[in-house]
Amino acid sequence: MQSKYNPKEFEDRIYEKWLSEKRFSAHVNPNKKPYTIVLPPPNITGQLHMGHALDQTLQDVLIRWKRMQGFEALWLPGTDHASIATEVRVLKTIEEAEGITKDQLGREEFLKRAWAWRDEYGRIIVNQMQKLGSSCDWDKERFTMDEGCNHAVTEVFVRLYEKGLIYRGNRLINWCPDCKTTLSDAEVEHEEKPGAFWHVKYPIVDGEGYLEIATTRPETMVADTAVAVNPNDERYKHLIGKFCKLPLFDRELPIIGDDYVEMDFGTGALKVTPAHDPNDFEIGLRHNLEQINGMNDDATMNEVAGKYEGMDRFACRKAIVKDLEAEGYLVMTKEHPHNVGTCYRCSTVIEPRVSDQWFVKMAPLAGPAIDVVNNGEMRIIPDRFTKVYMNWLENIRDWCISRQLWWGHRIPAYYCQTCPEIVVAKEMPDVCPSCGSSHFKQDDDVLDTWFSSALWPFSTLGWPEKTPELNYFYPTNVLVTGYDIIFFWVIRMVFSGLDAMGEKPFDDVFIHGLVRDAHGKKMSKSLGNGVDPLDIIDQYGADALRFMLATGNSPGNDLKFQIERVESSRNFANKLWNASRFVIMGLEEGQYELDGSERLTLADEWILSRLDTMITEITQALDKYELGIAANKIYEFTWNEYCDWYIELAKKRLYGEDAVAKQTVQKVLVKVLRDILKLLHPFMPFITEEIWGFIPHAEDALVTSKWPEADEKYQNPTAERQMNSIMEAIRNLRNVRAEMDVVPSRKAKCMILASDASVGELLINQGEYLMTLASCSEVVLVTNNKEVPEDAVSAVIQGAELYLPLDDLIDFEKEMDRLQKEKAKLEKEVERVVSKLNNQGFVAKAPAHLLDEEREKEAKYRELLGTVDARIQVISLKLK
RNA sequence: GCGAGAUUAACUCAGAGGUAGAGUACUUCCUUGACGUGGAAGGAGUCGCGGGUUCGAAUCCCCCAUCUCGCACCA
């Protein structure tokens, strides 16, 4: 074992070993219970970022833990084609490098390039995950556009179509003029932007005056087909049925009455543009209004716009406002910031547009997805996200799934070239069922990228085939993902799983937050505040990064990335490394198993008892998905109990002459270290496996070793109580010495005056602990304080006073100050306890054990106070 | 507008109906044979404000404030 902790030296080597020994492989195994996680497939758009590192660390902790608990643990990895994101990315790269546009490239060539891209980034991503230590079953790696997934996508599409849950409709959809595709509602982000209300006169035809209309988007006037007022509006109701004139255009618009119009908003009169606004679209349907499309697919104005044709929509807005003003139609302009929808991929303002698209009918699918959570079959952790989940499902609208893109699953709909028939089928039909023609053309569009990810938990296990894997591993146990894709992905997996499999896709959904930079800003390329996980691994090791991510926060909350915390995790790894080196140092060939024949010391019993408690608590925390708590417990136990106390106390026997005692302490050292390595392994897999290779063990590799189980025989409350007394004594002695500025190298005799004989006996029996850890030269019992020299400093614990005669070193004034301080502290404690015990309510209603505890405390503090007081008397005489 | 989260030590965050915790930073001391990426001792917080429930609230409930973040949006 190398003397320096150097993760670079072993992390890759260890991972290679795991791979070559097939440690992550999972198979259908009737003798074991399965535990399954499917990896949220990272997009192949680029490299993994810190958010992926967090997501994967959490999953790896769970899967490694379950693997050690004896489950057939499958973590199924893969990547997502990420239709729109990848297409945008690939096209941009090609355009920047070669100056070739999408149209110039052509569909076939583009797909060739995109596949090459996928191969490259797929490899990079796998490499990154392996660097992080992710224990996926790589033989089962999948891609959302591989053959099996394609098969599943087509199957689901056809089935849903046949059930009437997929339909083609001419509806108002979200259109991104830059990506030139539709977007689902979930893919539209709302952003508040400055805007204005323009109040415009629409003159009444065959009558006096005009209707004043307020609009935020004057350019859509070109496509107005009506003006609506509330039928109960006294100001306008007489106008219903009449017409008004569309300013700047020689068109007449019917004035209609519709409840949708709110009388007290704006002017109470609404221009209706069915082809460019969702609400107007609905009004249009109710009143049979014509839908006029005023824009091209790039959001420039089309021929409908007359003289504005060819202008960009925002340029057109300005031009129309200018013309309205010039011709006297503009009443006023009012500032009005409002939310506009933008594309989640390119941030372009989306344009609502009427178009023929494919939709999934959501209502019938949403119901079961709601039920499965309501009836407790599926849990969302933390629970608060259940509300988010429900809220979305209860207000769900139909899902627009067709995209005008090339990278993705082409829609399995075939259009007869001689009649209007559309055939939806797994393969291109031979003959048209309506006209007998054999000429078909497949739909040009591809599916929303989330359509295929929705099938991930079962498409990856072989569905629609009834494979043994599907039968064994589905439903999966837990889905681990960020709250940002609950709508996009989690919900869609749930209803897809319920529909296709008839069973939920996972038992638990474990939601985590996002990784932010040190200032709480979202990490992003454009801000340049991203931190590359590989850089951190290179500098500090994967274990340090993982530990930091796992302990950084509580479930569901965002995590700020702080390099100090990575450093502190690395320091912990270093600590473990060195402690292990210490344990290994004196070991010789042979067995170091505890067999019950050993004569254990107090410290042995204490650490074994504490370890036992830790095993229970850590396992319980993991069971509750409290990964951070579990990791903290291991950290504290390892550092503050095992290293700071047990190892220090072990040294005497280790370096001593007694071979049997030495072997006993080595056995305990090894036993505890072994379990520490196991408990820590899910969090820090590399260092623990590396150390495992150096310590005696009967099992195989740590990665597949057995998770520790608590064993009641190690529980030892007496040993814990006694050790606490000793540790308190040592701490107090150290404290006194530090306050009196006594250097550690100056040893001192320790005289014990016990008010409780058993405490005195304990301290004498374990006198060597005081000698080792509190710089005592010897520890002796005295029966009367007359035996104690006056010029001694004192430390007190319950049941005993400890005196250090330090003659020449003692400064009585200083000692007086110290004693006064201590007295004040104790008086406060007594006061607190007394007031509590004087409280009749407390005495009457508090649980008995608390009452007892408080009474014990009172006795203890009074005793300590008495001792301190006595010392003050003695010292004050000295000062005179 | 509806909903959620946050508000705890200088900083970043855990925790939790029964005397406030960690990491970092800070002060003092320590070349003790695993480790200075270390050891020891210490200072530091009326747990956002105001009410309520309770013997007891930082913890549960209500109100308010500030900051995030979702969702829905009135043209």
Side-chain angles (χ1 to χ4, degrees), chain A residues 1 3-5 185 189-190 197 213-217 220 228 260-262 264-273 277-280 283 336 338-339 382 384-385 387-388 391-392 395 483-484 486-487 513-514 516 518 520 540 544 548 551-554 556-565 567-585 626 628-629 632 635-636 640 643-644 647-648 651 654-655 730-731 734-739 741-745 772-775 828-829 832-833 836 839-847 849-851 853-854 857:
Chain A
M1 196 168 169
S3 63
K4 278 271 173 198
Y5 168 56
D185 294 336
E189 285 178 354
H190 293 274
F197 251 150
I213 277 155
T215 178
T216 56
R217 296 193 299 154
T220 62
Y260 172 75
V261 183
E262 298 208 12
D264 50 6
F265 187 81
T267 61
L270 169 69
K271 74 184 202 59
V272 183
T273 322
D277 182 276
N279 296 312
D280 293 10
I283 295 173
H336 179 72
H338 62 136
N339 278 341
R384 66 183 132 101
F385 290 105
K387 222 165 181 175
V388 178
N391 196 279
W392 175 265
N395 299 297
Y483 61 70
D484 53 330
I486 293 175
F487 304 139
L514 310 178
R516 300 178 174 277
Y540 297 93
M548 177 270 171
T551 54
N553 69 349
S554 49
N557 289 349
D558 288 353
L559 177 147
K560 280 182 197 150
F561 187 88
Q562 293 182 98
I563 200 68
E564 294 85 358
R565 295 199 50 253
E567 248 173 77
S568 122
S569 300
R570 187 271 321 266
N571 293 354
F572 174 53
N574 182 63
K575 185 75 181 176
L576 176 69
W577 183 264
N578 284 302
S580 305
R581 273 201 314 130
F582 172 79
V583 172
I584 291 158
M585 229 163 37
E626 291 172 345
I629 291 176
N632 273 329
Y635 178 99
E636 278 168 21
N640 304 337
C643 291
D644 288 350
I647 284 185
E648 292 308 323
K651 283 178 178 171
L654 224 41
Y655 296 133
I730 290 170
R731 278 196 209 99
R734 284 168 170 172
N735 172 283
V736 171
R737 296 176 56 108
E739 297 228 352
D741 291 331
V742 184
V743 294
S745 52
T772 322
L773 298 185
S775 294
K828 252 175 111 175
E829 293 295 347
R832 193 191 57 76
V833 179
K836 215 166 185 180
N839 181 337
Q840 290 312 308
F842 178 77
V843 176
K845 297 194 176 176
H849 74 274
L850 276 172
L851 210 56
E853 268 173 43
E854 292 300 321
K857 278 178 202 164

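In what follows, chains carry the letters A, B, and so on, assigned in the order in which the sequence lines appear, proteins first and then strands, with residues in each chain numbered from 1. Just so it is clear, the model here is predicted, and its values are computed rather than measured.
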A.B. asks: So, does Lys828(A) get its side chain near the phosphate of U19(B), meaning an N or O under 4.0 Å from OP1 or OP2?
C.D. replies: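 Result: no.
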A.B. asks: Checking base pairs now: Watson-Crick or wobble, both atom distances under 3.5 Å. What partners U59(B)?
C.D. replies: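 By the stated definition (distances under 3.5 Å), nothing pairs with U59(B).
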A.B. asks: Tyr260(A) and Asp280(A): side-chain donor and acceptor closer than 3.5 Å?
C.D. replies: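 Per modelled atom types, Tyr260(A) and Asp280(A) side chains form no pair under 3.5 Å.
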A.B. asks: Take atom CG of Leu514(A) and atom C1' of G70(B), then tell me their distance rounded to the nearest Å.
C.D. replies: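 Rounded to the whole Å, the gap is 11 Å.
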A.B. asks: Please list, pair by pair, any protein nitrogen or oxygen found under 3.5 Å from a nitrogen or oxygen in nucleotides 3-5 of chain B.
C.D. replies:
from: G3(B); atom 1: O3'; to: Lys387(A); atom 2: NZ; distance (Å): 3.3
from: A4(B); atom 1: OP1; to: Lys387(A); atom 2: NZ; distance (Å): 3.0

A.B. asks: Only pairs with both distances under 3.5 Å count, Watson-Crick or wobble alike; so what is the partner of G42(B) in this structure?
C.D. replies: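 Partner of G42(B): C26(B).
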A.B. asks: For atom C1', what is the distance between U59(B) and U27(B), given to the nearest Å?
C.D. replies: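 The same atom, C1', in both gives a distance of 33 Å.
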A.B. asks: Kindly give the heavy-atom pair with the smallest separation between Ser569(A) and Ala544(A), and that separation in Å.
C.D. replies: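 That would be CB-O, 3.4 Å.
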A.B. asks: Which base sits across from U7(B) as a Watson-Crick or G-U pair, both distances under 3.5 Å?
C.D. replies: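 U7(B) is paired, partner A65(B).
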A.B. asks: What integer distance in Å separates Asn395(A):CG from G70(B):P?
C.D. replies: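 After rounding, the gap between these two atoms is 18 Å.
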A.B. asks: Would you classify Gln840(A) as touching base, sugar-phosphate or nothing, given that sugar-phosphate means primed atoms plus P, OP1 and OP2, and contacts are heavy atoms under 4.0 Å?
C.D. replies: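 Nothing: the residue Gln840(A), judged by heavy atoms under 4.0 Å, touches no strand.
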A.B. asks: Assuming nearest nucleotide by heavy-atom distance, tell me which of Glu648(A) and Leu559(A) is located more 5' along RNA chain B.
C.D. replies: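 Of the two residues, Leu559(A) wins.
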A.B. asks: Taking the side chain of Arg581(A) as its heavy atoms from C-beta onward, which of C35(B), G23(B), A75(B) lies nearest to it?
C.D. replies: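 Within the option list, the nearest is C35(B).
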A.B. asks: Does a side-chain N or O of Lys836(A) approach OP1 or OP2 of G18(B) to a distance below 4.0 Å, or not?
C.D. replies: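 Answer no for this pair, as no side-chain N or O of Lys836(A) is under 4.0 Å from OP1 or OP2.
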A.B. asks: Any donor-acceptor pair, under 3.5 Å, between the side chain of Arg832(A) and the base of U19(B), if you only look at N and O atoms?
C.D. replies: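 Indeed there is one.
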A.B. asks: Across the strands shown, which category fits Tyr5(A) at heavy-atom distances under 4.0 angstrom: base, sugar-phosphate, nothing?
C.D. replies: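 Here Tyr5(A) touches no strand at all.
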A.B. asks: Answer with base, sugar-phosphate or nothing: what part of the nucleic acid does Glu853(A) contact at a heavy-atom distance below 4.0 Å?
C.D. replies: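 No contact.
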A.B. asks: State whether Thr216(A) places a side-chain N or O below 4.0 Å from either non-bridging phosphate oxygen (OP1 or OP2) of A75(B).
C.D. replies: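 Checking Thr216(A) against A75(B): no side-chain N or O falls below 4.0 Å of OP1 or OP2.
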A.B. asks: Look at His849(A) and G18(B) and indicate whether a side-chain polar atom (N or O) is within less than 4.0 Å of OP1 or OP2.
C.D. replies: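 No, outside the criterion.
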A.B. asks: Give the nucleotide from the list A34(B), A75(B), U12(B) with an atom nearest to the side chain of Glu262(A).
C.D. replies: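 Looking only at heavy atoms from C-beta outward on Glu262(A), the closest nucleotide is A75(B).
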A.B. asks: Starting from the 5' end of RNA chain B, give me the residue, Tyr635(A) or Phe487(A), whose nearest nucleotide shows up first.
C.D. replies: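 Per heavy-atom nearest nucleotide, the more 5' residue is Tyr635(A).
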A.B. asks: Checking all strands, does Ile647(A) fall into the base, sugar-phosphate, or nothing category for heavy-atom contacts under 4.0 angstrom?
C.D. replies: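 Since a base atom lies under 4.0 Å of Ile647(A), the category is base.
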A.B. asks: Parallel, tilted or perpendicular: which fits the ring planes of His336(A) and Phe265(A), with parallel below 30° and perpendicular above 60°?
C.D. replies: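 Answer is perpendicular, since the angle exceeds 60°.
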A.B. asks: Looking only at side-chain atoms of Ser568(A), point me to the closest of G38(B), A14(B), U24(B).
C.D. replies: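 Of all the options, the side chain of Ser568(A) is nearest to U24(B).
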A.B. asks: Less than 4.0 angstrom between a side-chain N/O of Lys651(A) and OP1 or OP2 of A34(B), yes or no?
C.D. replies: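 The answer is yes; a side-chain N or O of Lys651(A) sits under 4.0 Å from OP1 or OP2.
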A.B. asks: Distance check, rounded to the nearest 0.5 Å: Lys271(A) atom NZ versus Ile213(A) atom CD1?
C.D. replies: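 Separation between the atoms: 8.5 Å.
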A.B. asks: Choosing from A40(B), U37(B), C71(B), which nucleotide comes nearest the side chain of Asn574(A)?
C.D. replies: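 Closest nucleotide among those given: U37(B).
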A.B. asks: Of the non-hydrogen atoms in Val272(A) and Ala228(A), which two are nearest, and what is the gap between them?
C.D. replies: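 Closest heavy-atom pair between Val272(A) and Ala228(A): CG2-CB, 3.7 Å.
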A.B. asks: Closest heavy-atom contact between Asp558(A) and Gly513(A)?
C.D. replies: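 Heavy-atom minimum between the residues: OD1-CA, 3.5 Å.
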A.B. asks: Is there a donor and acceptor pair closer than 3.5 Å between the side chain of Glu626(A) and the base of A14(B)?
C.D. replies: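 Absent.
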A.B. asks: What is the distance, rounded to the nearest whole Å, between atom NZ of Lys560(A) and atom P of C11(B)?
C.D. replies: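 Going from NZ in Lys560(A) over to P in C11(B) covers 11 Å.
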A.B. asks: Given A14(B), A34(B), C29(B), which nucleotide is nearest the side-chain atoms of Asn553(A)?
C.D. replies: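 Of the options given, the side chain of Asn553(A) lies nearest A14(B).
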A.B. asks: Taking CD from Glu567(A) and C1' from C11(B), how many angstroms apart are they, rounded to a whole number?
C.D. replies: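 Value for this atom pair: 15 Å.
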A.B. asks: Cation-pi check, Lys575(A) to Tyr635(A): give yes when NZ or CZ is under 6.0 Å from the six-membered ring centre and within 45° of the ring axis, no otherwise.
C.D. replies: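 That pair does not qualify as a cation-pi contact.
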A.B. asks: Work out how far the P atom of U68(B) is from that of U8(B), and round it to whole angstrom.
C.D. replies: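 Pairwise P distance, U68(B) against U8(B), rounds to 15 Å.
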A.B. asks: With C1' as the reference atom in both, quote the distance from A6(B) to A14(B) in angstrom, rounded to an integer.
C.D. replies: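 Taking atom C1' in both A6(B) and A14(B), they lie 14 Å apart.
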A.B. asks: Choose from C35(B), G23(B), U19(B) the nucleotide whose nearest atom is closest to any side-chain atom of Asn578(A).
C.D. replies: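 Ranking C35(B), G23(B), U19(B) by closest atom to the Asn578(A) side chain puts C35(B) first.
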A.B. asks: Looking only at side-chain atoms of Tyr655(A), point me to the closest of U19(B), G33(B), C13(B).
C.D. replies: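 Side chain of Tyr655(A) sits closest to G33(B).
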A.B. asks: Over all strands shown, is Asp644(A) touching base, sugar-phosphate only, or nothing at heavy-atom distances under 4.0 angstrom?
C.D. replies: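 Sugar-phosphate, no base atom in range.
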A.B. asks: Starting at NE2 of His190(A) and ending at P of G1(B), how long is that distance when rounded to a whole Å?
C.D. replies: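 Rounded to whole Å, this separation is 18 Å.
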A.B. asks: Who does G17(B) pair with, Watson-Crick or G-U, both distances under 3.5 Å?
C.D. replies: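 Here G17(B) is not engaged in any pair, so there is no nucleotide opposite it.
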A.B. asks: Look through every strand shown and name the nucleotide pairing with C71(B) as Watson-Crick or G-U wobble, where both distances are under 3.5 Å.
C.D. replies: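 Paired with C71(B), as far as the under-3.5 Å criterion goes, is G1(B).
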A.B. asks: Measure the distance from CD on Glu636(A) to C1' on A14(B) and round it to the nearest whole Å.
C.D. replies: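 Going from Glu636(A) (CD) to A14(B) (C1'), I get 10 Å.
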A.B. asks: What residues, two or more places apart in sequence or in another chain, satisfy side chain to side chain contact (heavy atoms under 4.5 Å, CB included) together with Asn391(A)?
C.D. replies: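 Asn391(A) satisfies side chain to side chain contact (heavy atoms under 4.5 Å, CB included) with Asn395(A) only.
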A.B. asks: Check whether any side-chain N or O of Arg734(A) sits under 3.5 Å from a backbone N or O of Leu773(A) as a donor-acceptor pair, and report yes or no.
C.D. replies: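 Looks like yes, one N/O pair under 3.5 Å.
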A.B. asks: Please check: side-chain N/O of Ser775(A) versus main-chain N/O of Pro744(A), any donor-acceptor pairing under 3.5 Å?
C.D. replies: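 Between the backbone of Pro744(A) and the side chain of Ser775(A) there is a qualifying donor-acceptor contact (under 3.5 Å).
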A.B. asks: If you measure from the C1' atom in A65(B) to the same atom in G50(B), how many Å do you get, rounded?
C.D. replies: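 Their C1' atoms lie roughly 11 Å apart.
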A.B. asks: How close or far is atom P of A72(B) from atom CD of Glu189(A), stated in whole angstroms?
C.D. replies: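 In whole Å, A72(B) P lies 12 Å from Glu189(A) CD.
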A.B. asks: Are any side-chain N or O atoms of Arg737(A) and backbone N or O atoms of Val743(A), one a donor and one an acceptor, separated by less than 3.5 Å?
C.D. replies: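 Yes; judged by distance alone, with no hydrogens or angles, the pair exists.
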A.B. asks: Test for a donor-acceptor pair under 3.5 Å between the base of U19(B) and the side chain of Glu829(A), counting only N and O atoms.
C.D. replies: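 Such a pair is found, so the answer is yes.
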A.B. asks: Among U37(B), G15(B), U24(B), which nucleotide sits nearest the side chain of Arg570(A)?
C.D. replies: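 From the listed options, U37(B) comes nearest.
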A.B. asks: Counting C-beta onward and ignoring hydrogens, is there a side-chain heavy-atom pair between Glu854(A) and Phe842(A) closer than 4.5 Å?
C.D. replies: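 Sidechains of Phe842(A) and Glu854(A): in contact.
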A.B. asks: When you compare U53(B) with G17(B), how far apart are their C1' atoms, in angstrom units rounded to a whole number?
C.D. replies: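 Looking at atom C1' only, U53(B) and G17(B) are 12 Å apart.
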A.B. asks: Short question: side chain of Asn574(A), backbone of Arg570(A) - any donor-acceptor pair under 3.5 Å?
C.D. replies: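 Between the backbone of Arg570(A) and the side chain of Asn574(A) there is no qualifying donor-acceptor contact (under 3.5 Å).
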A.B. asks: Give one of base, sugar-phosphate or nothing for Ala579(A), where a contact means two heavy atoms less than 4.0 Å apart.
C.D. replies: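 Base contact.
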A.B. asks: Would you list the protein and nucleotides 41-46 of chain B atom pairs, both N or O, that sit under 3.5 Å from each other?
C.D. replies:
from: A41(B); atom 1: O3'; to: Asn735(A); atom 2: ND2; distance (Å): 3.1
from: G42(B); atom 1: OP1; to: Asn735(A); atom 2: ND2; distance (Å): 2.6

A.B. asks: Would you please classify the geometry between the Tyr5(A) ring and the Trp577(A) ring as parallel, tilted or perpendicular, with 30° and 60° separating the classes?
C.D. replies: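 Ring orientation, 0 to 90° scale: tilted.
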A.B. asks: Can you tell me the distance, in whole Å, between the CZ atom of Arg516(A) and the P atom of C67(B)?
C.D. replies: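 It is 16 Å, rounded to the nearest whole Å.
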A.B. asks: Taking pairing as Watson-Crick or G-U wobble with both contacts under 3.5 Å, can you name the mate of G33(B), or confirm there isn't one?
C.D. replies: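 Across any shown strand, G33(B) pairs with none.
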